[in-house]
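Proteins come first, then strands; the chains are lettered A, B, ... in the order of their sequence lines, and each starts at number 1. These numbers were taken from a predicted model, which means no experiment stands behind them. Excluded from the calculations below are hydrogen atoms, water molecules and symmetry mates; all remaining heavy atoms, backbone and side chain alike, are included.
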Amino acid sequence: MLGERERVLKQNELTAFNEAVLPHLDAAYNVARWLTRNDQDAEDVVQEASLRAFKYWKGFSGRDCRSWLLAIVRNTYYSWLRQRSVQPELTPDGDMDDVEEVVPNPENVLLQNADRELLKAALEDLPVEFREAIVLREMEGLSYKEIADIAAVPIGTVMSRLARARKRLLIYLTNAAARNYL
Amino acid sequence: MTCRETKNLLNAYVDGELDSAGSLGVEKHVQGCASCLTDVENLHALASEIENGGLRFTAPQRLKTNVQAAISEANPAPTRSIFNWRWASAVAAAVLIVFVSMQWLRPSQEMLVNEIISSHVRSMMANHITDVASSDRHTVKPWFGGKLDYSPPVKDLTEQGFRLVGGRLDYVDSRPVAALVYQRSQHLINLFVWPSNNTVTKQEGQLTRQGYNLIHWTQSGMSYWLVSELNLAELGECARLLKE
């Protein structure tokens, strides 16, 4: 009989978890998909991350469920990489002095020509920690502070990563546009 | 602000992460600097391209289903591991004997009260108020037949202002119990009924916890718990009518 009561309590815990966490599964998948750049890998990472989240659920105080889940997705991705013995091509974080000019030549990039596929290719070409910052900022709408918490880096690093990521994106798009004119 | 200082802050400026002094400084410089202005325009354009470029992936339905299944599996009902629970029951029984000998029955009643309030709140939260929705007691009472090893008395108090909404099978005090639902104006009332010989308490009385009022009594071998956010006077009236 004691077991039965326990079962009911566990069922309630499961319901609470489902209601709080599952609505953020799209965000989790989007981040995982951009990190892994592959549908199946992204599904594996999200599946594993959800299980981890459920394991830690009791210890979660309940501030911001989405950021919490995204941090778990990110950590799961990095341990998934390690399991596959793939070293992520990390780029050293320079300070802000690295950012000199946003674009090499100060003319407006013809972004209207940047179709979805080109933009996607440009994003996928970014080093993973830059890509992560861009996705969290532009697609998930997170603040520098939230991104810093998720990526476990200082806010200054988030700022520098975003600046360098955008610089790369603009260069990529400028070059692509230039190729089109040749 | 120099051009170099400004360039270092342009991203934070575009992202709205600068304080007002910083923003003003950047704006002042950008107004007089064609190069920085172009950069700001490019950054804005890039941000809106990424945001509105349909680049966001959505989780496939298959993944949602799989995740739910995996979590349910990771959360096994402990009743499956019977042997552990035999030990646990033995320990629990020993603890209970100690408690009873020390005449510490109050925590048990406190637990029961919490359970009843939880069931009441859950019935409203989960939008699962009734399993059988009917104001006819001749529909509600037979519905429990075969689902419980007893037949709960069902009274229709519609004429007295407590409309019978329906019935529900619930789980309280480690057993399936009948929950009858009444409504008074906007307030829902849960009445839990089960044979009294299994309950830890035989006292009668009323109490208030977490803003909910509870009234308890036993009658003809049945234990009754009435719970609602309805005021105690009206809930008392309901209890009186049910006892009649």
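Here the closest heavy-atom approach between residue B:Asn11 and residue A:Tyr144 is recorded as O-OH, 3.4 Å. Closest approach of A:Leu119 to B:Glu49, counting heavy atoms only: CD2-O, 3.6 Å. For the pair A:Phe17 and B:Ile71, the tightest heavy-atom approach, listed with the atom from each and the gap, is CE2-CD1, 3.2 Å. Closest heavy-atom contact between A:Asp26 and B:Ala59: OD1-N, 2.8 Å.
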| task | Please report the C-alpha distance between B:Thr58 and A:Tyr29 in whole Å, then the side-chain angles of each, then the deciding distance to 0.1 Å, and finally whether the side chain to side chain contact (heavy atoms under 4.5 Å, CB included) criterion is met. | result | CA-CA 7 Å; B:Thr58 353; A:Tyr29 181 75; 5.7 Å; no

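Proximity to chain B involves both the backbone and the side chain of A:Ala27, based on heavy atoms less than 4.5 angstrom apart. Residue contact with chain B, scored on non-hydrogen atoms closer than 4.5 Å, involves the side chain of A:Leu22 exclusively. For a residue to count as touching a neighbouring chain, one of its non-hydrogen atoms must lie under 4.5 Å from one of that chain's; by this rule A:Thr15 does not touch chain B. Residue contact with chain A, scored on non-hydrogen atoms closer than 4.5 Å, involves the side chain of B:Glu17 exclusively. In this structure, chain B has a heavy atom under 4.5 Å from the side chain of A:Leu123, while its backbone stays farther away.
The existence of a salt bridge linking B:Lys64 and A:Glu43 is excluded, since no basic side-chain nitrogen approaches an acidic carboxylate oxygen closer than 4.0 Å. With salt bridges taken as basic N to acidic carboxylate O contacts below 4.0 Å, one links B:Asp15 and A:Arg166.
Atom NZ of residue A:Lys167 and atom CG of residue B:Leu10 lie 12.5 Å apart, to the nearest 0.5 angstrom. Expressed to the nearest 0.5 Å, how far CZ of A:Arg116 lies from CD1 of B:Ile50 amounts to 12.5 Å. Atom OG in A:Ser50 sits 7.0 Å away from atom CG in B:Leu63 (nearest 0.5 Å).
Of the listed residues (B:Val67, B:Val172, B:Asn66, B:Leu55), the greatest number of heavy-atom pairs within a distance under 4.5 Å of chain A belongs to B:Leu55. With respect to chain B, the highest number of heavy-atom pairs below 4.5 Å among A:Lys120, A:Glu48, A:Glu138, A:Lys55 belongs to A:Glu138. Per-residue heavy-atom pair counts under 4.5 Å with chain B were compared for A:Met139, A:Gln47, A:Glu140, and the maximum is reached by A:Gln47.
Side-chain contact between B:Phe57 and A:Val31 is absent, with no heavy atoms from C-beta onward closer than 4.5 Å. Side-chain contact between B:Leu46 and A:Leu173 is present, with heavy atoms from C-beta onward closer than 4.5 Å.
In B:Lys28, the NZ atom is not crowded: 12 or fewer heavy atoms of neighbouring residues, nucleotides or ligands sit closer than 6.0 Å.
A side chain to side chain contact (heavy atoms under 4.5 Å, CB included) with B:Asn42 holds for exactly one of A:Thr174, A:Leu169, A:Leu170; it is A:Leu170.
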